[in-house]
Structures are given as C-alpha cells and as structure tokens.
Protein chains: 2
Amino acid sequence: MKLNTKSRYAVMALADMSKFPLDSPVSLRDISLRQSISLLYLEQIFLKLKKNEIVKSVRGSNGGYVLRKDPKNIKLSEIFQAVDQKVKTVGCKKDSKKGCNGKSAKCITHELWDELDLYINNFFENKNLSDLLMTKERRN
Amino acid sequence: MKLNTKSRYAVMALADMSKFPLDSPVSLRDISLRQSISLLYLEQIFLKLKKNEIVKSVRGSNGGYVLRKDPKNIKLSEIFQAVDQKVKTVGCKKDSKKGCNGKSAKCITHELWDELDLYINNFFENKNLSDLLMTKERRN
DNA sequence: TATATACCCGACTAAAATAGTCAAGTATTA
DNA sequence: TAATACTTGACTATTTTAGTCGGGTATATA
Ligand code: FES
Ligand code: FES
C-alpha cells in the first residue's frame, strides 16, 4: 500500500503553487528548488497535469505553469487520475468474467476489495488543494 | 495503490478456512486447489500467519492449519500486519527529523498522508473475516 | 515400521514496476 | 539574440514483487 512518487510529487508541487498568486506563472525550477524534487521529473509530471487540464503552461522567459482552477476546486482525485495513480487495489477486471486467479467466477474476496477501492477513492474525492494549505497554516 | 498478492492471498485463504469446521485442520493443498493459489507460495504465507499467531499448525498426515480465533474476532488489520503489508503510503519515517525529500522538515503534504494512512487502517480495523463470508452468502 | 502426507525454512530468481535521466528540441521575453 | 522555460519520446538503473526450489521434520495410519 504505497503511493508512487509521481502522485506524491504532483500533489506537493500543486500545493506549492497554490501558495502563490494564482494568475502569475510559477516555474518548475522554483518548485524544484523549494520542494527538492528533480526538475526533469517535475517536467514529466506537469506534462500530464497539463494534458488533464489541471494546469496550463506559459512558455518562454518568465513562463511557468498556472492553475486552471481555484485550489479549493481541485480535488485530489483529479490529480491522481491525471498522473495515472489508480486506486485499484487488485488487478482483476471489473467487467471480465474471469476472477483474479484466472478462474471463471469472481473470487471470495472480490467484493471486499471493491469496497476498499470505493472507500479510498472517497478520501481523495473529499480533499482539495486548499485543505492541504489550511492544515499547514494552522501549525505554522 | 495496489495490494500485494501476499496479503490478498492471505485474506483469501483465511476466508476459505473460515467456511469449514473451525476445529479440524485444513490443508494448504486443499486451499491451493479451491482458490487457485500456488501451494509453495501459500506455505510461505502461512509461515507468517503462524508466527503471528493467527493460525496454528497440525503436522503430519491429515494435518493442516487451524484458526486460533473465531473468524469474527480476526480483523483484517491483524492479517495485514502478519504478512508485512503495511499501510504506509509514504516512506518518510515517523520520528525522523528528515522529511521525505531529505530536507530537514516535514514536507508540505506530510500531514495529508498521515491522515490517509489512518483512514485506510480504519477500514481494516473494522473488518473481520466473518464480514467477508456474510457478503458472499447474501449473494449466493 | 514403512510410507505418505503435510508442515518448515532459507535461499534464490525472473519479471515487472518505479523513479528517475537524457537528448534534442520549441516558444517567448527582455 | 541570449536566456529562460516548457515539450516530448526514449532510455535505464534500481527496487520490488511474485513466486520457485531444495532439502528438511513431524505425525498418522495401513
Ligand atoms: S476476482 Fe476480483 S479480486 Fe479476486
Ligand atoms: S515529509 Fe513525510 S511525506 Fe514528506
């Protein structure tokens, strides 16, 4: 049950962006420095965030990325989906007739994992970027 | 966000056992056949379940494994712990002063993942083996 | 008591996933 | 025109996963 770094960094980077004026572009170089994330890796991540319309890019000098929505309207579930972090705790196909072990029927635990997936997705559905900032501010 | 097969099979196998009289030993061979799980792999898994006192073993002919408790008193969290499936979505140490990125402080998202871990653990704390059987029976 | 059954245990390995890096761009602004 | 910063696909080392293998030991029953 681990999160991959891609989704972790995606949330981290977007949370970082949220702390700055939302209309002026933030460069990946700055995020990289502030959050200690490889610039080259960030580029890869932001390409996906851009394709999924979470950010838009501003090229050229003084360019960077800009959030397309207010942080409180960006749910973590969107971010995860954008970077292909699926909450799918088992590999068996939803519609396939075959179960996880190659047998014909769904296995004895199938419903349990379905329920778990829903449960976890629910967490990400109910969290947005600004939630993140608030908990941080409360402490500082 | 995937579950490893070890924990998945562990739950599967124990659920299988729960369907039979709780005092007579169930052999891994039978579980292997019924649930289509490699026997050799099951042995590895049950060694851990035994060490963690979830099952006890009965050696020799007609031997097998026996649940040490009533299925409704075996929480999924115990099973997961036994097979080292930790719900620890990020790698940063709880007590360490260093954050996930090698910096000195906890990162901007640390609290979020802590909360997620608690949330998921809660699911496993509140599910036991007999819950699993019931949902299955309702359908058949 | 022989034999089959079934647990015991450490070591090993192929394959897949992860976490990046690299090279070679293009667009924009100062 | 120089510098900044996004764009894109391919490549790779490392780690993790999902098992297998070999050689045991204990017990029941024929
Ligand atoms: S059939 Fe879906 S988890 Fe086993
Ligand atoms: S410091 Fe713990 S997740 Fe980053």
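Bear in mind the structure is a predicted one, so any value in this text is a computation, not a measurement.
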[atom1] of [X] versus [atom2] of [N]: gap in Å, rounded?
X: A/R29; N: C/dT28; atom1: CZ; atom2: C1'; result: 17 Å
X: B/I45; N: C/dC8; atom1: CD1; atom2: C1'; result: 15 Å
X: A/Y41; N: D/dT7; atom1: OH; atom2: P; result: 18 Å

Output yes when at least one side-chain N/O atom of [X] is less than 4.0 Å from OP1 or OP2 of [N], else no.
X: B/S57; N: C/dC8; value: yes
X: B/S38; N: D/dT20; value: yes
X: B/T5; N: D/dT17; value: no
X: B/Y9; N: D/dG19; value: yes

Practice task
Kindly indicate whether the side chain of A/Q44 and the base of D/dT8 share any N or O donor-acceptor pair separated by less than 3.5 Å?
Solution key: no
_Let's test your reading of the model: under 3.5 Å, does the base of D/dT25 pair with the side chain of B/R59 as donor and acceptor?_
yes
If you check the [X] side chain, which of [options] turns out closest?
X: A/S27; options: C/dC8, D/dC6, D/dT8; result: D/dC6
X: A/N62; options: D/dA18, C/dT21, C/dA30; result: C/dA30
X: B/K50; options: C/dT21, C/dC8, D/dT27; result: C/dC8
X: B/S61; options: C/dT5, D/dC6, C/dT28; result: C/dT5

How is A/F46 classified with respect to the nucleic acid when contacts are heavy atoms under 4.0 Å: base, sugar-phosphate, or nothing? nothing
The salt bridge (Lys or Arg N to Asp or Glu O under 4.0 Å) partner of A/E78 among A/K48, A/R68, A/K69 is A/K69
